[in-house]
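Worksheet: one structure, shown below.
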Amino acid sequence: MSTELRPRARSLGILTAVITAVGLVFGGLALASPASADTAPVDPTNPATPPTVSADALPTTQIDGVAWAQVVVGNTVYVAGKFTTARPAGAAAGTNTTPRSNLLAYDITTGNLISSFNVPLNAQALAIAASPDGSRVYVGGDFTTAGTGNYYRIVAISTATGQVISSFRPIMESQVRSLAATNTAVYAGGTFASVNGTSHTYVAKIKASDGSLDTSWTATADAPVDALAVSPDGSKVYIGGRFQNVSGAANYGLAMATGTDGSLLPFPAAAVVRDAGTQAGITALTATADRVYGSGYVFGAGGNLEGIFSADPSGNLQWLEDCHGDTYSVYPLGDAVYGAGHPHYCGNVGGFPQTDPWTYHHTIGFSKATTGTLTNNGDGAYANFTGQPAPSLLNWFPQYVTGSYTGQGQAAWSLAGNSQYLAVGGEFPYVNGVAQYGLTRYAMNSVVKSKVGPNVNVPLVPNAASFTAGQARISWTATYDQDNVNLNYKLVRDGNTANPVYQTNQVSNFWTRPAMGFIDTGLVAGSTHSYRLYVTDPDGNQISRLGNTVTISATNTGGPYADSVTGAGASSYWPLDEASGAAAFDHVAFSDLQVQAGVTRGTDGPISGVTASTFNGSATGFAVTPSSVPGPNTFTTEAWFRTTTTSGGKIIGFGNSNTGTSSGYDRHVYMDNSGKIWFGVYPGSVQTVNSSASFNDGQWHQVVASLGANGMRLYVDGKVVGSRTDVTTGQDYSGYWRVGGDNLGSWSNQPSSNFFAGDIGQVAIYPTVLDRTTVVNQYIASGRPSPLAPAPADAYGASVYNSNPDLFWRLDETSGSVAKSADAYTSNGTYSGTATTKNQTGVLPGNADKAVRFNTNSSGSSGGLVTSNQQTTNPTTYSEEIWFKTTTTKGGKLIGFGDAKTGLSGSYDRHIYMQDDGHIVFGTWTGQTNTITSPTALNNNQWHYAVATQGAGGMRPLRRRCADRNQPADRRAGVHRLLAHRR
């Protein structure tokens with residue numbers, strides 16, 4: 001379930017089984033893969049994994065303001081923005097400065113300022129473009145002087161001389177925000193209404209020769225144009241911005257015009273990408289020989305894309321990525337496409353999740369190739385692009401500190417480059433933790449090999465323990481690298497680097513960090529050892545972490561209960577029996593829980609001789625798995641708990657955050673304030689089952705919850721306390737298993753506390769649905785007696801019992817209001833109404849078997865009936881069985897399902913009833929009635945046996961026969977028995 005309300009970031013009815021019959025048995029209710037491209041991908045020829053520039057930020061000239069736009073000509077980067085000085089890399093602010101007013105140039109291969117280029121502007125520059133032949137650059141913005149002359153918001157500069165070209169002197173009425181050039185013309189976009197005094201709104205074509213307006217090019221817009229690109233052959237001009245009309249025709253934020261006369265061309269991608277108006281727009285466009293790329297922003301209404309799109313030159317959509325967080329610039333380099341902005345969620349394209357607080361990745365990269373389709377995380381604040389073609393997110397994640405110069409909380413604003421380098425401009429003060437203001441650059445590995453190595457972090461530290469005689473178990477969590485995914489791990493014992501005990505490669509990134517480990521065998525009991533882990537990336541950068549010292553055990557830990565858990569196929573098993581420490585060891589794998597400060601160790605546990613842990617009910621009272629995994633739709637969770645709390649809390653669950661509280665959370669078991677236990681999943685809405693009894697009694701209890709093809713099951717102390725077959729999936733997201741607490745906002749009977757105050761131990765996760773027998777056997781393995789009632793002594797009763805019904809009532813009571821259970825789970829029922837006579841002769845031979853007579857033929861609420869005490873939700877796979885004898889000519893219901901425990905239900909179906917003519921009918925409601933009717937009347941005062949079944953194969957015909965009461969009935973899975981007599 002997701003409860004986070006994300007601002008757009010810019011700049012049961014529960015039904016009860018009801019019976020009106022005699023002698024009843026009722027039951028049978030019945031890894032997004034990591035981004036894998038980097039500086040040295042495993043397969044650089046794979047279109048999904050092209051090589052990237054490194055994440056190693058190279059020393060570059062710095063500025064003291066903001067770089068709004070850049071263009072590269074050869075090896076020269078021209079930077080347009082709002083700043084007053086430049087200074088060398090490494091120089092502190094205000095030191096070693098060189099005056100540069102809003103425009104500078106530096107060498108992309110060295111990062112050094114080009115001292116010979118200096119054209120000061122008297123106001124900010126917002127746009128810059130180069131002619132294809134590289135002979136000149138055009139600069140646009142708010143300025144009115146360039147160098148020593150008057151140039152109104154646009155200027156052309158010779159790249160050969162570094163001087164203003166005085167013959168190009170158009171007068172732009174207002175701000176120029178975007179530029180694109182051919183060798184003979186420049187296209188300008190912005191907020192202007194005229195050029196050289198001639199009305200031409202927001203976009204214009206200007207002749208390169210003399211700066212005159214090309215009046216033959218007629219395209220105009222009705223709102224600012226923020227982005228322009230021209231095809232390499234000059235035949236097409238791509239226009240983007242906040243407009244909704246171009247040349248009087250509807251074009252929402254995107255348009256395409258001919259380069260000759262400005263007549264409009266179709267732009268099919270604009271039917272999908274819809275960014276325009278006062279709160280959305282297209283921010284950048286870049287054209288190559290075979291693609292046009294664009295980016296957008298949304299801050300409120302009017303738009304749908306904050307990421308990048310790719311189209312062919314005719315405007316047909318090739319892919320889009322809908323990472324959440326505006327994008328301001330896009331640049332293709334080789335077979336990768338880079339974006340600058342503030343993405344904070346890329347899960348829909350198989351990338352990083354949302355964090356709380358948000359984490360921004362200000363420059364990211366994608367494959368040029370289409371490699372898949374988008375998914376959707378269900379966040380209604382964003383557009384749903386499910387099924388649209390998508391690229392691959394690449395593993396390239398430089399880290400920036402946001403700047404304060406513009407007051408917009410951004411870091412990177414612009415991208416440019418050549419075939420070997422990527423240049424980034426903005427207002428960031430630091431890159432990768434190093435002071436580097438406003439400008440930086442990255443290189444392909446063939447030019448400058450990356451020096452960014454694997455990340456050093458606490459979960460990487462190897463943690464050694466000894467559970468088994470002669471063995472050490474060493475576990476750690478995979479680390480990540482900013483520009484590599486395939487890392488080598490080498491585990492060394494006692495400093496013997498020449499002979500590592502283990503070596504492997506593992507693919508990972510910062511949001512997908514698998515648990516790793518190794519079992520070191522053949523060690524001497526009582527000996528002590530330490531382990532150091534070395535991690536090396538493909539560029540040769542290496543780190544290491546030294547772990548703890550471990551003493552090798554002389555005996556095996558565990559016992560019958562631990563054996564039952566491992567024997568049942570647990571994928572993780574955390575006894576939580578450590579005496580201290582911040583790790584709870586996984587005894588079947590390497591996914592050790594990270595134990596937070598609000599958990600203390602060493603309390604007496606549910607298994608004799610094995611301790612457990614105490615969770616204090618605070619926001620730090622939880623433990624969490626180290627790695628994010630896709631939420632499973634087939635699983636079983638198991639835990640033992642002990643508490644007297646009246647504030648409830650989560651015992652175990654799945655959430656999308658490993659810190660704080662999650663914004664997406666389900667697959668959880670929690671206690672409400674009254675002590676009842678709930679199991680819930682969220683397949684688009686809250687779906688739960690729960691116990692009717694309370695368990696905050698200060699005693700240890702086993703809780704088991706499963707989800708799978710057979711629905712949801714909840715057990716406490718070996719007994720089913722809640723089930724439903726209509727829910728088989730949870731919410732689709734990746735996350736972490738959390739023990740002891742997480743968000744419970746908006747869940748049924750939401751307790752006062754998200755976090756559980758009490759003791760927890762013996763926690764396990766299984767990748768399968770545990771059956772009832774396994775759950776019971778584990779309860780017994782804890783040293784406790786079986787929770788199951790014994791089977792009836794007679795052959796017929798034992799036969800029904802052994803078919804494992806949910807409910808089995810023989811209705812052989814001689815008095816009282818309790819319909820005693822004959823099943824294994826003590827699932828008693830309750831008599832209600834006034835018209836029953838007990839102690840009647842039953843269906844089985846002899847005098848021992850008894851039944852109940854229902855005397856009334858009333859259709860009112862006072863009719864006699866028996867109902868289950870345990871609620872069941874919407875069974876879709878079940879069988880119901882009944883024995884009955886009657887001579888009635890007024891019909892009536894024999895067994896059924898309804899939403900009221902007494903009287904008449906408002907919702908009712910799944911029933912067997914008799915018509916006035918004595919024929920019996922099995923009926924369900926699916927928006928319409930669905931019935932099967934017996935071919936003969938059965939109100940002949942003989943005992944009859946009927947079974948009704950519904951499941952994946954539909955409704956099965958009723959079976960009926962007069963009783964051969966000396967033989968067990970022929971039964972299908974989940975069949976149940978009812979003896980009934982109606983008059």
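Side chains included, hydrogens not; waters and symmetry mates left out as well; all remaining heavy atoms used.
Asn432 and Gln482 are linked by a side-chain donor-acceptor pair at a separation below 3.5 angstrom, with hydrogens and angles left out of the test. Side-chain polar atoms of Thr370 and Gln318 form no donor-acceptor pair below 3.5 angstrom. Between the side chains of Ser54 and Thr39, no donor-acceptor pair is found at a separation under 3.5 Å. Using a 3.5 Å distance cut-off with no hydrogens or angles, the side chains of Asp261 and Thr218 do not pair a donor with an acceptor. Judged purely by distance below 3.5 Å, without hydrogens or angles, the side chains of Thr60 and Tyr106 never pair a donor atom with an acceptor atom. Side-chain atoms of Gln410 and His362 form no donor-acceptor pair, as typed in the model, at a separation below 3.5 Å. Asn196 and Thr198 are not linked by any side-chain donor-acceptor pair at a separation below 3.5 angstrom, with hydrogens and angles left out of the test. There is a side-chain donor-acceptor pair under 3.5 Å between Asp64 and Thr85. Residues Asn150 and Thr145 have side chains that never bring a donor and an acceptor to within less than 3.5 angstrom of each other. Neither side chain, Ser199 nor Ser194, offers a donor N or O lying under 3.5 Å from an acceptor on the other.
A perpendicular orientation is assigned to the rings of Trp396 and Tyr442, their planes being inclined by more than 60° (bins at 30° and 60°).
Side chains of Val298 and Asp275 form a contact here, defined as non-hydrogen atoms less than 4.5 Å apart. Proximity of Thr76 to Ile108: side-chain heavy atoms (C-beta onward) are nowhere separated by under 4.5 Å. With contacts defined as side-chain heavy-atom distances shorter than 4.5 Å, the pair Val337/Val330 qualifies. Between Asp222 and Gln244, some side-chain heavy-atom pair lies under the 4.5 Å cut-off. Side-chain contact between Val137 and Thr159: present, with at least one pair of heavy atoms (C-beta onward) separated by less than 4.5 Å. Annotation: side chain of Ser101 is not in contact with side chain of Leu121 (no heavy-atom distance under 4.5 Å). Annotation: side chain of Thr97 is not in contact with side chain of Thr95 (no heavy-atom distance under 4.5 Å). The closest side-chain heavy-atom distance from Asp38 to Leu394 is not below 4.5 Å.
Considering Gln124, Arg153, Arg177 in turn, Gln124 is the only one that fulfils the side-chain hydrogen bond (donor to acceptor under 3.5 Å, both in side chains) rule with Asp142. For the side chain to side chain contact (heavy atoms under 4.5 Å, CB included) with Leu228, the qualifying choice from Leu179, Val186, Val237 is Val237, the only one to do so.
With values rounded to the nearest 0.5 angstrom, Phe366 atom CZ is found 12.0 Å from Tyr338 atom OH. Taking CZ of Phe397 as the start and NE2 of His361 as the end, the distance is 6.5 Å to the nearest 0.5 Å.
The salt bridge (charged side-chain N to carboxylate O under 4.0 Å, His left out) contacts involving residues 276-303 comprise Asp290-Lys368, where partners must be two or more places apart or lie in separate chains. Each salt bridge (charged side-chain N to carboxylate O under 4.0 Å, His left out) pair with one or both residues in residues 207-221, not counting sequence neighbours, appears once here: Lys205-Asp214. The salt bridge (charged side-chain N to carboxylate O under 4.0 Å, His left out) contacts involving residues 156-174 comprise nothing, where partners must be two or more places apart or lie in separate chains. Annotation: salt bridge (charged side-chain N to carboxylate O under 4.0 Å, His left out) contacts involving residues 83-111, sequence neighbours excluded, are absent.
In plain terms, the two heavy atoms of Ala125 and Asn102 that are nearest each other are CB-O, 3.8 Å. The minimum heavy-atom distance between Ala369 and Ser367, with the atom names listed, is O-OG, 2.8 Å. Thr371 and Ser392 make their closest contact through OG1-OG, 2.7 Å (heavy atoms, listed as atom of the first residue, atom of the second, distance). Between Ser314 and Pro268, the closest heavy-atom pair is O-CD, 3.5 Å. Here the closest non-hydrogen pair linking Ala257 and Ile239 is CB-CD1, 4.3 Å. Contact detail for Ser295 and Ser329: the closest heavy-atom pair is OG-N, 3.9 Å.
Residues forming a side chain to side chain contact (heavy atoms under 4.5 Å, CB included) with Asn348 (at least two apart in sequence, or on another chain): Asp322, His324, Tyr345, Thr375, Asn376, Asn377. Here Tyr151 pairs with nothing under the ring-ring contact (aromatic ring centres under 6.0 Å, His included) rule; sequence neighbours left out. Judged as a side chain to side chain contact (heavy atoms under 4.5 Å, CB included), and not counting sequence neighbours, the contacts of Ala269 are Phe267, Ala311, Leu317. Under the rule for a side-chain hydrogen bond (donor to acceptor under 3.5 Å, both in side chains), the partners of Thr161 that lie at least two apart in sequence or sit in another chain are Ser158. Residues that satisfy the side chain to side chain contact (heavy atoms under 4.5 Å, CB included) test with Phe117, not counting sequence neighbours, are Tyr78, Leu103, Ala105, Ile114, Val119, Ile157. Residues forming a side chain to side chain contact (heavy atoms under 4.5 Å, CB included) with Val447 (at least two apart in sequence, or on another chain): Gln420, Tyr421, Ala443. Under the ring-ring contact (aromatic ring centres under 6.0 Å, His included) criterion, Trp68 pairs with Trp413, not counting sequence neighbours. Taking the salt bridge (Lys or Arg N to Asp or Glu O under 4.0 Å) definition, one finds that Arg242 meets it with Asp226, sequence neighbours left out.
Within 6.0 Å of NZ on Lys82 lie no more than 12 heavy atoms contributed by other residues, nucleotides or ligands. The number of heavy atoms from other shown groups lying within 6.0 Å of OH (Tyr405) is above 12.
Of the possible polar contacts, none joining the Thr191 side chain to the Ser174 backbone as a donor-acceptor pair under 3.5 Å is found.
Ring-centre distance between Phe243 and Tyr252: not below the 6.0 Å cut-off.
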For Ser450 and Asp483, run side chain to side chain donor-acceptor pair (under 3.5 Å): C-alpha distance rounded to whole Å, both residues' side-chain angles, the deciding distance at 0.1 Å, then the answer. CA-CA 8 Å; Ser450 175; Asp483 56 15; 2.7 Å; yes
